[in-house]
Q: 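This structure is in C-alpha cells; I'll ask about it shortly.
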Number of protein chains: 2
Amino acid sequence: MPTDKVPDIVVGRLPLYLRTLNYLIEEGYEIVSSHELGRRLGISPAQIRKDLSHFGEFGKQGAGYDVKYLSSQLKHILHVEGVWPVALVGCGALGHALANYNGFVTKGFEITLIFDNDPAKIGQVVAGKVIHDVADMPRLICEHGIRIAIVAVPSSAAQATVDVLVRCQVRAILNYAPINISVPPGVQVQNIDPAVHLQRMTYYL
Amino acid sequence: MPTDKVPDIVVGRLPLYLRTLNYLIEEGYEIVSSHELGRRLGISPAQIRKDLSHFGEFGKQGAGYDVKYLSSQLKHILHVEGVWPVALVGCGALGHALANYNGFVTKGFEITLIFDNDPAKIGQVVAGKVIHDVADMPRLICEHGIRIAIVAVPSSAAQATVDVLVRCQVRAILNYAPINISVPPGVQVQNIDPAVHLQRMTYYL
DNA sequence: TAGATTGTTAATCGATTAACAATC
DNA sequence: TAGATTGTTAATCGATTAACAATC
C-alpha cells in the first residue's frame with residue numbers, strides 16, 4: 001500500500017536498513033529475511049516489514065528479500081541513486097575531517113564546495129578542494145545548484161550561516177554546531193552534537 | 001511524581017533542554033517559561049512540562065522556571081555535575097578533531113586517554129595527550145576507571161574495539177564507525193553517522 | 001507438497017496534546 | 001486580587017507488535 005504519508009520515524013530507519021543491506025552485499029548474501037535484518041539492527045522483523053510496506057512489496061513469501069534489489073529500491077526511495085554535491089561551511093578541525101572523509105561518495109554525497117571566513121585559510125586546498133570565502137557562498141552555491149550543506153562553524157556563527165544557506169536554496173542542513181538553529185518550513189535539519197549524545201548515556205551510569 | 005521509569009525518548013530530550021538553558025544563562029535570562037523554552041527547541045510547552053514532571057517539580061506557577069536552578073537539576077539528573085574522563089579510540093582525522101574539541105569540558109566530559117594502533121602515531125602528542133597503543137587499552141582504561149569511550153576507528157575494527165571496551169568495564173560508547181555494533185545489556189551505545197543523517201533528509205528533496 | 005516468510009490487519013502499547021485545577 | 005504558568009489528568013494520537021492468510 002504505497003505512499004500514504006510516511007511517518008518521519010520510518011524514514012529515519014531506512015538509511016539504517018540500507019547501510020546494513022550494503023554490508024550484507026559485501027558479505028556475499030543474496031537473500032535476507034526480515035528476521036535476520038532485524039537481528040542485525042536490533043529491530044523487530046515485524047517493524048521492518050511494516051516500514052517497507054509503506055513503499056511497496058519488495059520481498060518474496062517463503063524466501064525473504066533479494067539484498068541487491070532491496071538496496072537499490074531503498075536508494076531510489078531515499079533519492080541517493082546518484083551523488084549529491086554538498087557544501088561544507090567551516091573548515092576547522094572537524095571540517096577538515098569531514099572534507100577528508102571517504103565514506104560519503106558510496107552513500108550518495110560528495111563535498112564539492114568548502115567555505116571558511118578565515119583569510120589565512122581561504123585559497124588553501126583541502127582534500128583537493130580550494131577553500132572559498134564565505135562571502136562567495138551565495139554565488140557559488142547557486143552556480144553549483146547545491147541543495148545540501150554541512151555546517152561546521154562555531155555556534156556563534158551557525159544561525160547566520162544557516163540563514164544564508166536557506167536563501168541560497170539549500171534545503172537540507174547537517175548541523176554540527178551545538179545549538180538549535182531555526183529554519184523555515186520545508187528545510188530539513190539534522191543535528192550532530194557529541195555532548196548531547198554522551199549526556200543521554202550518562203543518565204544510565 | 002518522580003521516578004516511575006522514565007522513557008528513553010524523554011531522557012533523550014533532557015540534554016537538549018540543558019543545552020538551551022545554558023544558552024539562556026549566557027543571555028542573562030533568570031526565568032524561563034515552558035512556552036519560551038519550547039519555542040526555542042521546537043517542542044510543545046506541554047511536552048516539556050510533562051517530561052520534567054517525571055523527575056520532580058522544578059517550576060513556580062505563574063512564573064516559570066529558574067534557569068540556573070533547572071540547569072543544575074538537569075545536570076544532576078543526567079549525572080554531568082562533574083567531569084567524566086573519556087577514552088578516545090582511533091586518532092585519525094576525526095579522532096584529532098574530537099581530541100581538540102573544546103566543547104566537551106563544560107558539558108561534563110574530558111578526553112583523558114587516546115589510543116591508536118598505528119605505530120607511527122603511538123607516542124605522538126595530540127591535544128596535550130600522548131597517543132597510546134590500543135594493546136594497552138585494558139590496563140590503562142582500568143587504571144583510570146574509565147566508563148565512557150568514543151570509538152573513531154574504521155568500521156572493520158569497530159566491533160572488536162567495542163568488545164575490548166566492554167570487557168574493560170566501559171558502559172557508554174559513542175560510536176562514529178558507520179556500522180551497527182552489538183553490546184551486552186546494560187551497555188549504552190549512541191551512533192553518529194553523517195551519511196545516515198544526510199540520507200534521512202534526501203528523502204524529502 | 002511442506003516449510004518458510006511475506007504483507008497486512010487488528011490489538012496493544014506508548015507518547016503527545018489539551019485542558020484545567022492549583023497556586024505563585 | 002488578577003494574571004500567568006505550572007503540574008497533572010484524561011483524551012487523543014501514533015507507533016509497535018502479534019498473528020495469520022496468502023503464497024513463494
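Here is how names work: the chains are called A, B, and so on, in the same order as the sequence lines, proteins then strands, and each is numbered from 1.
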Q: Pick one: which of Val162(B), Ile148(B), Val164(B), Ile141(B) meets side-chain contact (heavy atoms from CB on, under 4.5 Å) with Val170(B)?
A: Ile141(B)
Q: Answer yes or no: does atom NZ of Lys68(A) have more than 12 heavy-atom neighbours from other residues, nucleotides or ligands under 6.0 Å?
A: no
Q: Under a 3.5 Å limit for both distances, which nucleotide forms a Watson-Crick or G-U wobble pair with dA15(D), could you say?
A: dT12(C)
Q: So which nucleotide does dT23(C) pair with, by the Watson-Crick or G-U wobble rule with both distances under 3.5 Å?
A: dA4(D)
Q: Tell me whether the OP1 or OP2 atom of dT16(D) has a side-chain N or O from Arg13(A) closer than 4.0 Å.
A: yes
Q: Please give, in whole Å, the distance from dT6(D) P to Phe58(B) CZ?
A: 14 Å
Q: Please check the phosphate of dA4(C) (OP1 and OP2 only) for any side-chain N or O of Tyr65(A) closer than 4.0 Å.
A: no
Q: Can you measure Ile48(B) atom CD1 to dT17(C) atom C1' for me and round it to whole angstrom units?
A: 13 Å
Q: Counting only side-chain heavy atoms from C-beta out, which of dT6(D), dT16(D), dT5(C) sits nearest to Ser33(A)?
A: dT5(C)
Q: Which nucleotide in the list dG7(D), dC24(D), dT17(C) gets nearest to the side chain of Gln61(A)?
A: dC24(D)
Q: Reading DNA chain D from 5' onward, which residue's closest nucleotide shows up sooner: Ala63(A) or Asp8(A)?
A: Asp8(A)
Q: Between Asp51(B) (CG) and dT17(C) (P), how many Å, whole number?
A: 10 Å
Q: Out of curiosity, Ser44(A) OG to His35(A) NE2, how far, rounded to the nearest 0.5 Å?
A: 11.0 Å
Q: Just to confirm, is there a sub-4.0 Å distance from OP1 or OP2 of dT17(D) to any side-chain nitrogen or oxygen of Ser44(A)?
A: yes
Q: Take the protein atom CD of Gln47(A) and the nucleotide atom P of dG14(D), then report the distance between them rounded to whole Å.
A: 17 Å
Q: When you compare the side chain of Pro15(B) with that of Leu78(B), does any pair of heavy atoms fall below 4.5 Å?
A: yes
Q: Would you mind reporting whether Gln47(A) and Arg13(A) have side-chain heavy atoms less than 4.5 Å apart?
A: yes
Q: From NE2 of His54(A) over to P of dG7(C), roughly how many Å is that when rounded to an integer?
A: 13 Å
Q: Categorize Pro7(B) for me: base, sugar-phosphate, or nothing, with a 4.0 angstrom heavy-atom threshold over every strand shown.
A: sugar-phosphate
Q: On DNA chain D, compare the nucleotides closest to Gly62(A) and Pro45(B); which residue's is nearer the 5' end?
A: Pro45(B)
Q: Can you figure out which of dT8(C), dA15(D), dA15(C) approaches the side chain of Ile9(B) most closely?
A: dA15(C)
Q: Nearest whole Å is fine: how far is dA4(D) C1' from Glu36(B) CD?
A: 15 Å
Q: Using the side-chain heavy atoms of Ser34(B), tell me which of these nucleotides is nearest: dC24(D), dG7(C), dT6(D).
A: dT6(D)
Q: Could you tell me the separation between the NZ atom of Lys50(A) and the C1' atom of dA15(D), rounded to a whole number of Å?
A: 8 Å
Q: Output the rounded distance in Å from CZ (Arg49(A)) to C1' (dC20(D)).
A: 10 Å
